[in-house]
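In what follows, a structure is listed as structure tokens, so that the remarks can point back to it.
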Amino acid sequence: MAEVDFNWMAGGPQGSGVDAAANIFGRACGYGGLYVYGRREYHSNIKGLHSYFHLRVSNHEVSANLNDVDLLAAFDAEAVVRHIGEVVPGGGIIVDKDQLETRTLTIPTLPPEFKSVFQNYLKSQGLSDRLGDLLENAKKRGVQVFQVPYMELLKQIANRLGIDKLSKIMRMINVLTIGVSFGLVDYDIKLVEKAVKTFFRERPKIVEMNILALKIAYEYAKKSFPEGLNFRLPKLQTNEERIFLSGNQAVAVGKVLGGCRIQTYYPITPAADESEYIEAHEILGTRIPGVDAGVVVLQTEDEIAAINMASGATLTGARASTSTSGPGFSLMVEGLSWAGNNEVPVVITYYQRGAPSTGLPTRHGQDDLRFAIHAGHGEFPRIVLASGDIKECFYDAITAFNYAERFQLPVIHLIDKALANSSQTFPIFETKEVKIQRGNILGEDKLKDVEYRRFSFTETGVSPRVFLGTRGGIHWYTGDEHNEFGHISEESANRTKMVEKRMKKLEAVDREVPINEKVNFFGDKNAENIIISWGSPKGAILESLNKLTGEGFSLAFLQVRMVHPLPSKHVAEVLQKAKKIIDVEMNYSGQLGGIIKEKTGISMDFQILKYNGRPMTTTEVYNALKIVLSGQAPRRQVLTYGS
Amino acid sequence: MVLRWTDFKTDVFVDWCPGCGNFGILVALQMALAELGLEPHRVVLVSGIGCSGKVPHFVNTYGIHTLHGRTLPFAQGIKIANPDLEVIAIGGDGDGLGIGVGHLVNAGRRNVDMTYLIHDNGVYGLTKGQASPTLQRGLKVKAIPKPNVNEAINPVMLAIAAGYTFVARAYAYDTKHLKETIKHAIQHKGLALVDILQPCPTYNDIHTKEWYAGEDRIDHETGKPIPRLYKLEEIGYDPVVHDVAEEFSKKVAAMEKAREWGDKIPIGIFYKNELVPTFHERIAKRIPFYLTLPPAKQIIHDEKGSPITDIMDFLEELKIT
């Protein structure tokens, strides 16, 4: 099969339908048997500031972006200014013909930091700030410019639909650029129509308008640019069932399959989409006829209420979780400590974003590993799981509940913005092997003539649980140190035993959870060089690993999924053999590397780090790794790609 | 089986100061539970932090002693997950009107069918007597170095404004009246708040038992003290909203009454409105089986441990081939 690797980008002001365009584009490619990975970038703003979607289309599974753009669909002048440098020689830019005279330095939404750099660039190139000049300059390096009269096409559409005001259909610029894009790569328009229909399915009038726009634009491109782009996007045959989804959606679906029946949240980016998606599907299907299932989604007054409502709900026997991001998790910390002290099986889905403080509310970061592991006063056991891709988000969302109930402790499912807001194609998730493990629960029948103690001392530290409302099982919970019944106790001997009871559950996790649920290992077991990482860099690392091993480098990748309690013995065994250990993370200090050093004494030889708010691309991870493998790297490389 | 209030006692030592108003509240609560015939295992007491936070340990029901100010989120989470439980939240005035006031206000928007008892003594007892949100400006209780510079919050007015559908005030030492008020609160369909005035013999040397009893005001004719508290039911006050149209006027009347303080302090039910749908009714409108099959009662896996949830609806939407 011919290799397909096509990188499309749509950019425009927020509120202009960039997201919709990307979804339609991605689906249309998916319908044609292609695999898609797409990353969404947006400002913390409702309307007007620049946003874009970087989509990669391939004939095999892809899970990261490259630095390249093969075709840029620019809704406005700013999109050209921002991304022209990413368009590869031979690639193309779709631009509004009426925008060529725009003075780029007067674009009000361009921030001053950007403008000063851009101004220097123009000066160095001897260019004016006229958009047309910038495009002419790009042509010199082989970039094709497709000038499209957006307004004229919109007028045609308006005439055909009998619409008097153009302002009513300005939003359709997005579909126009899709039509032109697919026209330029000669893709089957029927598949694009299907994607438009699915996307707007509940609004037939909108479907009709958009299909008309699509067709007009597609035909315009065919007629005006008969040569098209120097690339044809093929349609591939497949019998495989595939889905196209985001990390937010994967977590949501995983949760409900895993039995989540209460979800609490306070609105925060990039976590809220998950809760809203669940709420939209609150009545669930079941495999057993006549058995109902539903999930109650509660929007709370703050994150303090969110975690504590969820904790309260778990005590009744319902599986409950909450989802948040860094600022929200900060507010949850006291509640987390209560849950730890009371052995509450609450699940917290933690979507990291650029921090500290409000940080980069809509941008990516992996700054909160140490926070997730250490948050809360005092010492108490917890599990922190870090998903590396959207598929893992799905399965880990289920596993999180199982661990929480088996070991009776809070589980933090650590995700990040790059996973939350990226969308990817996968073969439909296999669920036959999924199991629900609820741990040791006592019902009324087991409580007759028993003096039940909620926090009874046991060998593993895990005591049998009884749900609130069970006859014969009355017990107490308290944030104070407590005795086996759950009553306050400040007695020193009891305190020592209770601390040990709680903490030794971590040993049970070490013992009972198999290593293949805690780490993934990719590549040759005897490789000389080992990459270590966690979370969303996985995609870019795996692609780079394949490429570099193909080039003859001896390299493997250890992905840590259970970051706490760290399977230190296993990690040490793997790392001890390596000549060079390369730590790849999206934070300033290399937090996982530091934790590994703390737990195993092993230092990271090299760091590849990034903290500019944009995820790692395969291109830059590959380049950085290659420098390390060639023996020319400094101990620390900082990656900076992405606008 | 006839329940007695002693069935609701535990053998945990009650460690409040001698003369504490909490004793009256504890006994009134235990009597109310017994008289309503609530089986202990169906009752969940949820408390915050402070002297009142210890109440659940002294009551033989399920008891959750939570965090400072967070009694309402825990309690609502429990009640929403399992509506069959009788949930009673308990907290001090600092707990509910200071650190937890955001929860107090927002709980009013939901109207979850449960009860919330506020132990209102004007001070933070367990931290040794600082001014609480219900202490009036200018007062200097025993342990604070200077007179209080903050205005007081009126819990009854705040609760009415926030949307509580049952708002009452009671007095810790009038155990019989308090017990009856708690029973009304529990039986009310919707969120019920009872503001319980309570002397703190250790730190509030102004609003003492004697002050409430009016021992500083002797009736010249009878030679007896003129008590400051009087009962709303004894003056023919009708707190009930009988028709949606009178909701506002009833609220205004309740707030008017709630303003009285000093020489005449009303106790009893200020406001009661069962015409507002409860949170459970609102959820049941969306999820029709919610009341019979709430989150806590749903089975989530079969005998082999496989999930019973079918995610095909989701996957159909996400499918591209």
Side-chain angles (χ1 to χ4, degrees), chain A residues 27 30-31 33 238 240-245 249 253 256-259 261-262 281-288 291-294 296 298 301-302 304-305 308-313 315-319 334-335 338 425 428 434-437 467-471 474-479 487-488, chain B residues 10 12 39-42 44 46 49 54 56-57 60-67 69-70 72-78 80-82 84-85 102-103 105-106 283 286-290 293-302 304-315 318-321:
Chain A
R27 277 188 164 268
Y31 291 148
T238 177
E240 195 175 62
E241 277 195 304
R242 290 182 196 157
I243 50 177
F244 180 56
L245 80 173
Q249 290 173 318
V253 183
V256 299
L257 182 67
R261 293 299 178 259
I262 294 252
H281 298 79
E282 62 188 1
I283 296 180
L284 303 168
T286 71
R287 292 190 295 108
I288 303 169
V291 173
D292 290 317
V296 177
L298 298 165
E301 55 272 28
D302 53 34
I304 297 171
N308 294 327
M309 271 198 201
S311 281
L315 305 182
T316 69
R319 281 193 162 182
E334 193 190 18
W338 193 93
T425 315
I428 204 160
V434 171
K435 289 280 182 245
I436 288 180
Q437 297 163 324
F467 299 149
L468 301 182
T470 309
R471 191 186 292 272
I474 285 178
H475 58 268
W476 294 265
Y477 291 92
T478 174
H487 286 310
I488 299 169
Chain B
T10 63
V12 175
E39 293 178 285
H41 73 273
R42 284 196 46 237
V44 182
V46 185
I49 292 293
K54 295 179 179 175
H57 296 288
N60 186 37
T61 64
Y62 282 98
I64 328 283
H65 180 192
T66 73
L67 294 163
R70 315 305 169 204
L72 283 173
F74 277 96
Q76 291 170 94
I78 290 165
I80 292 167
N82 186 353
D84 289 348
L85 298 171
H103 306 307
V105 170
N106 281 280
I283 296 292
R286 286 172 24 177
I287 306 175
F289 49 84
Y290 167 70
L293 208 55
K297 298 194 174 167
Q298 292 182 26
I299 51 158
I300 58 172
H301 61 82
D302 62 18
K304 287 182 190 141
S306 299
I308 67 138
T309 312
D310 185 346
I311 54 170
M312 265 335 276
D313 286 352
F314 289 92
L315 296 182
L318 300 169
K319 245 169 147 171
I320 45 166
T321 58

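Numbers restart at 1 for each chain; the letters A, B, ... are given by sequence-line order, proteins then strands. As the structure is a prediction and not an experimental result, all values here were calculated from the model.
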message = Between B/Ile64 and chain A, with a heavy-atom cut-off of 4.5 Å, which part of the residue counts as in contact: side chain, backbone, both or neither?
response = both

ask   = Which bit of A/Thr316 comes within less than 4.5 Å of chain B, counting heavy atoms only: side chain, backbone, both or neither?
value = both

task = Return the minimal non-hydrogen interatomic distance between B/Lys319 and A/Tyr31, and the atom names on each side.
result = O-CE2, 4.4 Å

query = Are B/Ile283 and A/Glu282 close enough that some pair of their side-chain heavy atoms sits under 4.5 Å apart?
reply = no

Best-contacting candidate, B/Ala75, B/Ala81, B/Gly63, against chain A by heavy atom pairs under 4.5 angstrom = B/Gly63

query = Given A/Ile304 and A/Glu334, is the side chain to side chain contact (heavy atoms under 4.5 Å, CB included) satisfied, shown in steps?
reply = CA-CA 8 Å; A/Ile304 297 171; A/Glu334 193 190 18; 5.9 Å; no

query = Can you tell which of A/Gly259, A/Gly33, A/Gly479, A/Gly294 has the highest number of heavy-atom pairs within less than 4.5 Å of chain B?
reply = A/Gly294

query = Mind checking whether A/Trp338 and A/Tyr477 have parallel, tilted or perpendicular rings, split at 30° and 60°?
reply = tilted

key: Leading residue by heavy atom contact count with chain A [cutoff under 4.5 Å; candidates B/Thr61, B/Val12, B/Thr10]   = B/Thr61

task = Heavy atoms only: give me the nearest B/Ile80-B/Tyr290 pair and the separation to one decimal.
result = O-OH, 2.7 Å

query = Which residue out of B/Gln298, B/His301, B/Glu39 racks up the most heavy-atom pairs below 4.5 Å with chain A?
reply = B/Gln298

ask   = Which one of A/Gly335, A/Ala293, A/Gly317 has the most heavy-atom pairs closer than 4.5 Å to chain B?
value = A/Ala293

ask   = Using non-hydrogen atoms only, which part of A/Ile488 is less than 4.5 Å away from chain B: side chain, backbone, both, or neither?
value = both

query = Based on non-hydrogen pairs under 4.5 Å, which of A/Leu298, A/Thr470, A/Asp302, A/Val291 is most in contact with chain B?
reply = A/Thr470

task = Name the member of B/Pro294, B/Pro288, B/Pro73 that forms the most heavy-atom pairs with chain A at distances under 4.5 Å.
result = B/Pro73

request  = For the pair B/His65 and B/His57, name the ring-plane relationship: parallel under 30°, tilted 30 to 60°, perpendicular over 60°.
outcome  = perpendicular

query = Among A/Ser311, A/Gly258, A/Ala318, which residue forms the greatest number of heavy-atom pairs with chain B at distances under 4.5 Å?
reply = A/Ala318

Candidate pair B/Asn82 and B/Lys297, rule side chain to side chain contact (heavy atoms under 4.5 Å, CB included), full reasoning = CA-CA 7 Å; B/Asn82 186 353; B/Lys297 298 194 174 167; 3.8 Å; yes

ask   = Heavy-atom distance under 4.5 Å to chain B: side chain of A/Gln249, backbone, both or neither?
value = side chain

query = Top residue by heavy-atom pair count (under 4.5 Å) with chain B, among A/Ile288, A/Val256, A/Leu315, A/Thr425?
reply = A/Val256

ask   = At their closest point, which heavy atom of A/Ile283 faces which heavy atom of B/Arg286, and how far apart are they?
value = CD1-O, 3.4 Å

message = Is A/Leu468 in contact with chain B via its backbone, its side chain, both, or neither, using a 4.5 Å heavy-atom distance?
response = both

task = Pick one of side chain, backbone, both or neither for A/Ala310, based on which atoms fall under 4.5 Å of a heavy atom in chain B.
result = neither

task = Answer with side chain, backbone, both or neither: which region of A/Ile436 has an atom nearer than 4.5 Å to a non-hydrogen atom of chain B?
result = both

